[in-house]
Amino acid sequence: MIVRSTRGASEATLSEAIGLGLAPDGGLFMPPVIPPRGTPWPETLVETAEALLAPLVQDDPLGPHLRACVHEAFSFEAPTRWLDGRTGLLELFHGPTAAFKDFGARFLAAVMRRMPSSIPVRTVLVATSGDTGAAVASAFHAQPGFRVVILYPDGRVSPRQAHQLGAFGENVRAFRVAGTFDDCQRLVKGALADASLVRAHGLVSANSISLGRLLPQMAYYALAASACVRTGRDMPGFVVPTGNLGNAFACLLARERGAPIRRVMLATNANRALVALAATGRFEPARTVATLANAMDVGAASNAERLLDRFPQMRHALDADWVDDEAIREAIQATDAEHGLAICPHTACGMEVLRRLRAQGDGDTWIVAATAHAAKFDSVVEPLLGRAVPVPPALAALLAQTSHAEPLAADGVALAAALR
Ligand SMILES: *Cc1c(COP(=O)(O)O)cnc(C)c1O
């Protein structure tokens, strides 16, 4: 199948688009509209992923490898934990780096490993607001033919996120950039648009603009929704904690493909440009402000262009609300008090948005995407709860490694030098 760019001038097959990242015309590659799938839906994550992705790789060199890629990426579960009869938490943090980004990063790595390359060592260049870098590093760690260069905003990720980013070693280098996430993202975009740098280092993108990360994320929404309906509950809506809009866009795509998803509600932190976008259909990027939900500290969501392209009638597609730091703290405490459950600050944005819906009398079935494990944000969560949050084994193993990140100025010249 052919994917085209939001700007209209570039076309590619899916595997070409995954290799390119950004479309040559400067736009973002869009998956084609595929008619909704009929029921029944498969009952496992790997089968759901395969069912959703197979039509996209017909006649693509990726086609014969899809099953293997899906098995590599979805090697852990995404269970829904029901808090009451109509409120679920979709636990997306059971992967090696304890955030939902493991699914997309591992699928992307599985695909890239199988793509022929004329360059002996490709450089995966990635900007991260905290979790992407670790997921991508983990997915490509020790893979022959790849090195990973991570840029993260110095002082704006949690101590454990920073430790994790610098803990891989071998083919992974972490740079702490004197700037914000948007600066990191700008540096990466600049490098990927520089033909001589791309050639010299075999630069490839792994940011959430990559369809290789975006598309597999449809699977856990489709599975959670179909399982919800199959077990006799009402059709669920999803509340999705959102920053760059990758995860929520995947949820909208899953609904477009026929997954039984009633409604999609974005939950942002104080970076609320997407709330205005959902209300007005106009996107005005804003300066990034630092919040407790730092992986969502994004002022200029890179997937906004995709949302506008696909769903110009914004208000029919989704709703959005935003949450300040004080309400994040309260949601973390309330969720622990009511359910004995530690949640991360991003998940807390989702829980708070849902609490407001309930306060207005909303009695529908909702599933909140739990995007990271609370233990990754212990410095925020533990003081609020007054207890330690147990660390999942994979995260504990990374935290036991030594960690090193190099400083980097937020300019393209410094990055070009660092790549050498
Ligand atoms: C990246 C991230 C988000 C935001 O996801 P987007 O796809 O960028 O909208 C939310 N929560 C956590 C924990 C994240 O790591």
Side-chain angles (χ1 to χ4, degrees), residues 28 78 89-105 108 126-138 152-153 156-158 160-161 164-165 181-182 184-185 206-218 220-221 238-254 264-269 271-275 277-278 288 291-304 306-307 318 320 322-323 328 332 342-353 368-378 380-381 395:
L28 303 180
L89 261 191
L90 176 58
E91 295 185 348
L92 300 177
F93 49 68
H94 295 292
T97 70
F100 78 87
K101 296 194 173 79
D102 281 322
F103 289 109
L108 179 70
V126 60
T128 182
S129 55
D131 290 328
T132 294
V136 170
S138 166
Y152 72 88
R156 289 173 189 252
V157 304
S158 83
R160 277 190 179 161
Q161 282 176 315
Q164 206 181 22
L165 291 168
F181 169 68
D182 288 328
C184 297
Q185 196 153 253
N207 276 109
S208 70
I209 54 166
S210 170
L211 285 182
R213 283 186 48 198
L214 188 73
L215 295 174
Q217 297 175 161
M218 291 188 288
Y220 42 72
Y221 292 112
F238 284 98
V239 182
V240 185
T242 299
N244 260 320
L245 205 50
N247 202 13
F249 193 75
C251 187
L252 289 165
L253 288 179
V264 178
M265 176 104 196
L266 311 184
T268 77
N269 58 24
N271 294 281
R272 53 202 221 229
L274 294 173
V275 179
L277 172 69
T288 306
T291 77
L292 293 176
N294 63 26
M296 295 163 26
D297 287 351
V298 181
S302 53
N303 285 299
R306 280 199 170 109
L307 190 72
L318 79 175
W322 69 281
V323 178
I328 289 176
I332 290 171
I343 56 171
C344 87
H346 313 81
T347 308
C349 292
M351 290 298 283
E352 168 61 13
V353 166
V368 176
T371 49
H373 196 287
K376 252 184 138 165
F377 302 91
D378 60 313
V380 175
V381 175
L395 181 57

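Residue numbers count from 1 along this sequence. We count ligands from 1, going down the list as the structure has it; atoms in each ligand are counted the same way.
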Got the residues with a heavy atom under 4.0 Å of ligand 1, by chain and number?
Phe100, Lys101, Asp131, Pro241, Thr242, Gly243, Asn244, Leu245, Gly246, Asn247, Ala295, Met296, His346, Thr371, Ala372
Under a 3.5 Å distance rule, please check whether Thr371 uses its side chain to pair with a backbone N or O of Ala369 as donor and acceptor.
no
Could you check whether Asp378 pairs with Arg160 (Lys NZ or Arg NE/NH1/NH2 to Asp/Glu carboxylate O, under 4.0 Å)?
yes
How are the rings of Phe93 and His373 set to each other: parallel, tilted or perpendicular (split at 30° and 60°)?
perpendicular
Which pair of heavy atoms, one from Val381 and one from Pro345, lies closest together, and at what distance?
CG2-CD, 4.3 Å
Among Val275, Asn269, Leu274, find the residue that satisfies the side-chain contact (heavy atoms from CB on, under 4.5 Å) test when tested with Asn271.
Asn269
Which heavy-atom pair separates Thr291 from Asp297 by the least distance, and what is that distance?
OG1-OD1, 2.7 Å
